Novice: 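What follows is a single structure, and I will ask about it in a moment.
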2 protein chains.
Amino acid sequence: MLMNPKPDSATSAHDRVYRRLRTQIMYGEIAPGAALTLRGIGTEFGVSMTPAREAVRRLVAEGALSLSSSGRVSTPELSNDRIEELAALRSLIEVELASRAMPRAHIALIERLQSINSTISEVISNRDAAGYIRVNLEFHRTLYLRAQAPAMLAMAETVWLQLGPTMRSLYGRLRRTEAPHYHRLIIAALKAGDEPGLRLAVRSDVTQGLRLLTT
Amino acid sequence: MLMNPKPDSATSAHDRVYRRLRTQIMYGEIAPGAALTLRGIGTEFGVSMTPAREAVRRLVAEGALSLSSSGRVSTPELSNDRIEELAALRSLIEVELASRAMPRAHIALIERLQSINSTISEVISNRDAAGYIRVNLEFHRTLYLRAQAPAMLAMAETVWLQLGPTMRSLYGRLRRTEAPHYHRLIIAALKAGDEPGLRLAVRSDVTQGLRLLTT
DNA sequence: ATCCGGCTTTTGTGATCACAATTGCGCCAT
DNA sequence: ATGGCGCAATTGTGATCACAAAAGCCGGAT
C-alpha cells in the first residue's frame with residue numbers, strides 16, 4: 001500500500017533553494033545586477049555548493065539569472081528592447097490564457113479576483129513594492145489557472161520571472177495610489193462575458209508598465 | 001586590449017553535454033519515454049556525473065526532459081492536451097516573430113529560405129525523420145532571426161525542444177512526399193509583402209501536424 | 001593624486017565519495 | 001506457470017576536495 005508521501009514537504013535541498021530564490025526574484029526582492037555566489041547561497045540556506053549550483057543553473061536556464069562569461073551569477077539588467085519583447089510575450093500568452101479561462105470563470109472565481117484586487121490597495125499604502133508585485137501576479141495567476149493550460153501558464157510565469165528584478169524599479173517609479181484600473185476592466189469583462197473586452201483589458205494591463213520606459 | 005577569446009570553443013564541459021543532448025532531443029533523435037541515467041550520460045561524453053547532472057537539470061528546467069518523483073530522468077511523453085497547448089504557443093509566438101521579421105526580410109533572406117526549402121525534398125526521400133525536423137526548424141529559425149527578438153526566439157525554441165521527442169513519432173506517421181505546402185505560402189507572402197497572408201501561412205504550417213492527433 | 005603591477009583571496013568547475021532509496025532480477029512457494 | 005518476497009545492483013543526492021581562473025586589493029612609481 002502506498003501512503004501519501006507528503007507531496008509538498010518531501011523535497012530535495014536544491015528544490016528548496018530553487019523555490020526560495022525563484023520567489024525572491026519573481027517578486028522583485030533582488031535588485032537588477034545584484035551579484036550572487038554559490039558559496040554564499042549555500043551558507044545562506046545551510047547547504048553545500050552542490051544544491052546551490054543546481055538551483056542557480058535552473059534559474060539561469062529560465063532566464064531568471066544571468067551568467068557572466070567567467071561563470072559569475074547575477075540578476076539580469078534588461079535592455080529596453082528586451083523589456084519590450086518580454087512585455088509583448090506577456091501580452092500574447094496572457095491574452096490567450098484569459099480567453100481560455102473565460103468560459104470556465106464562474107462567479108466564485110470573479111469574487112476571488114475582486115477579493116485579491118481589494119488587498120492591493122493596502123499593500124500600496126505600505127509602499128511595499130514586492131508585496132504589490134506579488135498580489136498583482138496572484139491576481140493574474142488566479143485567473144489563468146482556470147484556463148487549464150499548464151504549459152502556457154508555465155511560459156507566462158517564466159516571463160514574469162525574467163521581468164522580476166526589473167519590475168521592482170519600474171513600479172518604484174510608479175507613484176500609484178489606487179488599485180489598477182485595468183484589473184477592474186478585466187473583472188467587468190468577465191462578468192459581462194465580453195471576450196474582446198477581456199482581451200483588450202488584459203493586453204492593456206500587461207503593457208501598461210511599459211509606458212514608464214518611453215516617457 | 002581584449003583579444004577575441006574564441007567565443008564558440010571556450011565552453012565548459014557541462015555546456016558541451018547540454019548542447020549535444022539538446023540537439024538530439026530537439027531533432028527527435030530520442031524516442032519519447034526513453035530513460036537516461038547521469039552515469040550513462042557521463043561515460044558517454046567522457047565526463048563525471050557533475051557536468052552530466054547540470055546539463056540534465058538545465059534541460060529539465062526547459063521542459064526538454066522530465067523528472068520522475070524518484071529523480072529518474074526520461075524524455076517526456078506528452079498528452080494530447082499538452083501537445084495542443086504547445087502547438088498553440090508555437091502559433092502565438094511564431095506568428096508574431098514572422099510578422100516582426102517581414103519588414104526586414106530582403107531578397108537574400110527569401111532566397112535563403114527557398115534554398116533551405118528545396119533541401120527538404122531530398123531529406124524526405126531518405127526517410128530521415130530527424131533530418132526533416134532539423135531542416136524544417138532551420139527554415140523557421142532563419143526567418144525568425146530577422147525579427148531581432150532574441151527573447152521570443154528563445155521562447156519558440158523552448159517549445160520546439162519540448163515537442164522534439166513527440167515530433168518524431170508524429171512525422172513518422174506522416175507519409176510526406178513533397179516539401180510542405182505552407183512553406184511555399186510563407187515565401188510567397190513574404191515576397192508579396194502580404195502580412196495577413198504571412199500570419200495565416202505560419203499559423204497553418206505550425207498547427208498542421210496537430211491534425212494527426214485528432215484524425 | 002593616479003595608474004599600473006603583482007599578490008592574495010574569492011569563486012566556479014569538475015571529480016570523487018558515502019549514503020539512501022529505488023529498481024529490477026531471481027528465487028521460492030503455491 | 002504465476003505471483004510475491006527479498007536481495008543485489010543501479011541510481012540520484014549532497015558533501016568535500018583540488019585546481020585554475022578571475023576579481024579585488026595594496027603598494028609603489030610617476
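Just so we're on the same page: letters track the sequence lines, and every chain starts at 1. This is a predicted model, so every value here is computed, not measured.
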Novice: Mind calculating the distance between CZ (B/F45) and P (C/dA15) to the nearest angstrom?
Specialist: 14 Å
Novice: Whole Å only: how far is the CD atom of A/E54 from the P atom of C/dT13?
Specialist: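 Those two atoms, CD and P, are 13 Å apart.
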Novice: Under a 4.0 Å N-O cut-off, is there an ion pair linking A/R20 with A/E29?
Specialist: no
Novice: Taking for each residue the nucleotide of DNA chain D with the nearest heavy atom, is it A/S68 or A/H14 whose nucleotide lies nearer the 5' end?
Specialist: A/H14
Novice: Is the distance from OP1 or OP2 of C/dG14 to the nearest side-chain N or O of B/T50 less than 4.0 Å?
Specialist: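 B/T50 to C/dG14 OP1/OP2: no side-chain N or O under 4.0 Å.
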Novice: Spell out yes or no: do the side chain of B/R53 and the base of C/dG14 have one donor N/O and one acceptor N/O closer than 3.5 Å?
Specialist: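 No pair found.
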Novice: Are B/H106 and B/R146 close enough, and set up right, to give a side chain to side chain donor-acceptor pair (under 3.5 Å), and what steps lead you there?
Specialist: CA-CA 10 Å; B/H106 43 279; B/R146 275 302 192 290; 3.1 Å; yes
Novice: Whole Å only: how far is the CZ atom of B/R39 from the P atom of D/dT11?
Specialist: 7 Å
Novice: Looking at D/dG14, C/dT11, C/dG14, which one has an atom nearest to any side-chain atom of A/R72?
Specialist: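 Out of D/dG14, C/dT11, C/dG14, the nucleotide with an atom closest to A/R72's side chain is C/dT11.
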Novice: Let's go through A/R16 and A/F45 carefully: what are the C-alpha distance in whole Å and the side-chain angles of both, what is the deciding distance for side chain to side chain contact (heavy atoms under 4.5 Å, CB included) to 0.1 Å, and is it a yes or a no?
Specialist: CA-CA 9 Å; A/R16 276 193 307 275; A/F45 293 101; over 6 Å; no
Novice: Please check the phosphate of D/dT13 (OP1 and OP2 only) for any side-chain N or O of B/R57 closer than 4.0 Å.
Specialist: yes
Novice: In whole Å, what is the span from the CD1 atom of B/I41 to the P atom of C/dG14?
Specialist: 15 Å
Novice: To the nearest Å, give me how far apart CE (B/M49) and P (D/dG14) are.
Specialist: 11 Å
Novice: In this structure, how many angstroms lie between the P atom of D/dG12 and the CG atom of B/L67, rounded?
Specialist: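 Result: 9 Å.
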Novice: Identify which nucleotide among D/dA23, C/dG14, D/dA15 has an atom closest to any side-chain atom of A/P51, counting heavy atoms from C-beta outward.
Specialist: D/dA15
Novice: Which residue is it: B/R141, B/Q148, B/H140? I am looking for the one with a side chain to side chain donor-acceptor pair (under 3.5 Å) to B/Y144.
Specialist: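 Of all the options given, the one that passes is B/H140.
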Novice: May I ask you to say what B/L36 touches in the nucleic acid, namely base, sugar-phosphate or nothing, with a heavy-atom cut-off under 4.0 Å?
Specialist: sugar-phosphate
Novice: Between B/R58 and B/E54, does at least one N-O distance fall below 4.0 Å, as a salt bridge requires?
Specialist: no
Novice: Using only side-chain N and O atoms of A/S70, determine if any of them is under 4.0 Å from OP1 or OP2 of D/dA22.
Specialist: no
Novice: How many Å lie between CG on B/L38 and C1' on C/dT23, as a whole number?
Specialist: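 Computing the B/L38:CG to C/dT23:C1' distance gives 15 Å.
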